[in-house]
Amino acid sequence: MITMIKTMSLSPGMPQQQPPPPPSLPSQQLLSTPSQPSTTLPLRTIPGSYGWPMLGPISDRLDYFWFQGPETFFKKRIEKHKSTVFRTNVPPSFPLFLNVNPNVVAVLDCKSFAHVFDMDLVEKKNILVGDFMPSVDFTGGVRTCAYLDTTEPQHAKLKNFAMDTLKRSSKVWVTELLANLDTMCTTFETNIAKKGTVSYLIPLQRCIFNFLVKSLVGADPATQPEIQESGYAMLDRWLALQLLPTVHIGVLQPLEELFLHSFAYPFVLVGGDYKKLYDFIETQGQEVLQRGETEFGLSKEDVIHNLLFVLGFNAFGGFSVFLPSLIAVIASDKKGLQEKLRNEVREKIGSTSLTFDSVTRLDLVQSVVYETLRVNPPVPLVYGRARKDFRLGSYESEFDIKKGEVLCGYLKLIMKDRKVFSEPEVFKPDRFVGEGSRLLSYLYWSNGPQTGSPSEHNKQCAAKDYVVLTASMIVAYLFKRYDSFVGDSSSITAVEKAK
Ligand code: HEM
């Protein structure tokens, strides 16, 4: 099986593996363990403020969603405060989010953000998308794994269940992924021949949905035509209603502000869809349900709601955002990247079949996947709440953090940290090849370093390695099938089949 997938257990409360010093940092600036502050850095009051009650949060919200957009919002404040650590508000906020506290301490460099991985310092209860939490009605009244802190006993059970489900699914995962890629490519080849340009977003989502349901649930969507036909769209609607108050769309202002960011939409609008998906898993996922109940001591309801969350939110949601950005990087290339990828795939894989082991030999393919995750992290914001008072260090200063304060990391800027990544704004396909693999300690897309190991004692993505291997396999598949292809993040305009 996959040699990369390790489940090294850390003892409870033990800080996560610390990253080595960034390659471009002089030795006197080595990263100290977050919980052991360096003695040489000056103590500074955290710059920035939350502004007047109500007015501060509204003004920040309008900047974030409308006038600046998230990336400029954070960049401008780094410049203003001359610090990668500062106080600000993040949406959602007033008027109709009265119980949500928008105040956060932004941590926007690799060193200060790494404190969020230290479960001694940071609590992760109900903080997946910030202080705002979508109603538990969306998950059958159950707080699913991603909303649980590591100190809650249910977290260990559910995380172990998720990792076990992934491990067991790995054989089916590959065959199902490849079979569904065949179907998807055949569909859009036919459509390109007819229409010239095709949008691949729906075929791609169908492909992701089918292979994930077969792999994670062990069920065939084809047994229920409505699930096969519309299961992916049901998940899209369910995801959208939960996340709308926090997501920047940037095309409909000011309507977006009034109708999408001002209140939370009720579950009832997608209740029918959710019930259909729940019933499908209950009737078709007997084996995985039984394992959850007998081996992990979970109730049937906990298993189904958590499976649906892992399937729909973590896996389907994550891949639906990530894969179009990966395809866009490759399909829009004009600098010879396709040729290099094609050569690597054909030299190292040739006509042999694709396996998780064989794609780990594709250094450039994997580096392109890592670089896409660095430049376009699919989950851009990660939060944590201080478990106790502690001192947090950036490269230049230290700051006192008080128990209960929320730390907010915007990964798109964190992984462009100049002290770690040279020419951070540039997409360098081979950044992580050879010596560059040292940088994997600073690739944080999974809520932990790429060199770390997800476990019940931390909150790192259970599928950290599966995501990279799956994406690498898709790239390898495309270059076995095509000599080249042209397109962007939503459509393909031309494909040249392998000769
Ligand atoms: C491109 C795809 C994916 C991305 C970008 C992604 C990203 C993430 C991130 C950032 C977190 C941490 C969130 C936080 O605590 O702030 C997370 C957690 C998690 N992910 Fe993924 N994920 C992906 C795919 C998957 C898949 C395929 C699975 C399937 C099992 C999965 C299972 C989980 C679970 C169970 C957690 C919760 C971990 C915990 O509570 O300790 N993810 N994911």
Side-chain angles (χ1 to χ4, degrees), residues 5 7 10 16 113 116-117 119 122-131 133 139 143-152 154-170 173 176-177 204 208-209 211-213 215-217 239 243 246 288 296 305-326 369-370 372-374 376-385 406-412 414-415 443-450 452-472 474:
I5 294 163
T7 46
L10 304 176
Q16 272 243 24
F113 176 68
V116 174
F117 309 147
M119 291 294 105
V122 164
E123 184 196 38
K124 292 283 286 183
K125 184 176 176 184
N126 297 347
I127 194 111
L128 180 67
V129 291
D131 194 59
M133 180 182 172
T139 47
R143 283 172 60 238
T144 52
C145 184
Y147 288 102
L148 301 182
D149 183 47
T150 46
T151 57
E152 298 180 72
Q154 189 79 345
H155 175 264
K157 284 188 191 177
L158 290 168
K159 182 91 177 255
N160 288 332
F161 171 61
M163 292 195 295
D164 182 66
T165 305
L166 270 167
K167 210 165 161 183
R168 283 171 191 267
S169 73
S170 58
W173 189 280
E176 283 303 325
L177 173 65
L204 180 67
I208 301 170
F209 177 79
F211 107 80
L212 286 172
V213 170
S215 317
L216 295 172
V217 185
L239 278 169
L243 294 175
T246 63
V288 66
F296 294 87
H305 292 302
N306 273 282
L307 258 182
L308 258 175
F309 194 85
V310 164
L311 170 79
F313 199 109
N314 299 124
F316 178 80
F319 279 126
S320 293
V321 176
F322 173 45
L323 293 178
S325 70
L326 178 65
V369 169
Y370 291 140
T372 309
L373 287 164
R374 181 186 75 83
N376 266 324
V379 177
L381 287 157
V382 169
Y383 298 87
R385 192 184 301 279
V406 170
L407 303 181
C408 163
Y410 182 66
L411 285 168
K412 242 182 155 163
I414 292 163
M415 292 192 288
L443 187 66
Y444 289 159
W445 69 270
S446 63
N447 189 32
Q450 192 63 29
S453 302
S455 85
E456 64 184 76
H457 303 300
N458 62 40
K459 291 290 290 178
Q460 186 160 26
C461 175
K464 181 204 82 172
D465 293 320
Y466 281 83
V467 168
V468 172
L469 290 172
T470 304
S472 302
I474 294 174

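Residue numbers start at 1 and run along the sequence shown. Whatever order the structure lists ligands and atoms in, that order sets their numbers, starting from 1.
- Residue-level proximity to ligand 1 for Asn314 is carried by backbone and side chain together, each with a heavy atom below 4.0 angstrom.
- For atom 27 (C) of ligand 1, the nearest protein heavy atom (residue, atom name, distance) is Ala315 CB, 3.3 Å.
- Taking distance alone, with nitrogen or oxygen atoms compared against 3.5 Å, Gln460 stays at or beyond that limit from ligand 1.
- Using cut-offs of 30° and 60° for the angle between ring planes, the Phe113 and Tyr444 rings count as tilted.
- Contacts with ligand 1 closer than 4.0 Å are made by side-chain heavy atoms of Lys159 only, the backbone lying farther away.
- Counting heavy atoms only, Ala463 comes closest to atom 26 (C) of ligand 1 of the residues Ala463, Gly318, Gly384.
- Ranking the protein heavy atoms by distance from atom 18 (C) of ligand 1 puts Cys461 CA, 3.6 Å first.
- Residues Leu148 and Lys125 form no side-chain contact, since every pair of their non-hydrogen atoms from C-beta on lies 4.5 Å or further apart.
- Among all non-hydrogen protein atoms, the one lying nearest atom 39 (C) of ligand 1 is His155 NE2, 3.3 Å.
- Looking at Glu456 and Asn160, their side chains do bring a donor and an acceptor atom within 3.5 Å of each other.
- Heavy atoms of Asn458 found under 4.0 angstrom from ligand 1 belong exclusively to the backbone.
- For atom 16 (O) of ligand 1, the closest non-hydrogen atom of the protein is Lys124 NZ, 3.0 Å.
- Judged by the shortest distance from any of its heavy atoms, Glu456 lies outside the 4.0 Å radius around the atoms of ligand 1.
- Closest protein heavy atom to atom 40 (O) of ligand 1: Lys459 NZ, 2.7 Å.
- For ligand 1 and Phe319, the ligand atoms under 4.0 Å from any heavy atom of the residue are 1 (C), 2 (C), 27 (C).
- With hydrogens left out, the protein atom closest to atom 29 (C) of ligand 1 is Val310 CG1, 3.4 Å, a heavy atom.
- For the residue pair Ser215 and Glu176, no side-chain donor N or O sits within less than 3.5 Å of a side-chain acceptor on the partner.
- Here is the list of ligand 1 atoms found below 4.0 Å of a heavy atom in Pro378: 5 (C).
- When the heavy atoms of Tyr147, Phe322, Trp445, Phe316 are ranked by distance to atom 4 (C) of ligand 1, first place goes to Trp445.
- Considering only non-hydrogen protein atoms, atom 12 (C) of ligand 1 sits nearest to Asn447 CB, 3.5 Å.
- Between Thr246 and Leu243, the closest side-chain pair of non-hydrogen atoms falls below 4.5 Å.
- Under the 4.5 Å side-chain criterion, counting only non-hydrogen atoms from C-beta, Thr470 is in contact with Leu177.
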Evaluate the criterion side chain to side chain contact (heavy atoms under 4.5 Å, CB included) for residue pair Phe313 and Leu239; output intermediate values, then yes/no.
CA-CA 7 Å; Phe313 199 109; Leu239 278 169; 3.7 Å; yes
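- Ion pairing between a basic and an acidic side chain is recognised when a charged N comes within 4.0 Å of a carboxylate O; Glu152 and Arg143 show such pairing.
- Salt bridge status for Lys459 with Asp149: absent, with no side-chain N to carboxylate O gap under 4.0 Å.
- Contacts of Cys145 with ligand 1, taken as heavy-atom pairs under 4.0 Å, involve both backbone and side chain.
- Between Ser455 and ligand 1, not a single N/O pair is under 3.5 Å apart.
- A tilted orientation is assigned to the rings of Phe319 and Phe211, their planes being inclined by 30° to 60°.
- If you check which protein heavy atom lies closest to atom 13 (C) of ligand 1, you get Leu128 CD1, 3.5 Å.
- At least one side-chain heavy atom of Val288 sits under 4.5 Å from a side-chain heavy atom of Phe161.
- Gly318 approaches Pro378 most closely through the heavy-atom pair O-CB, 4.1 Å.
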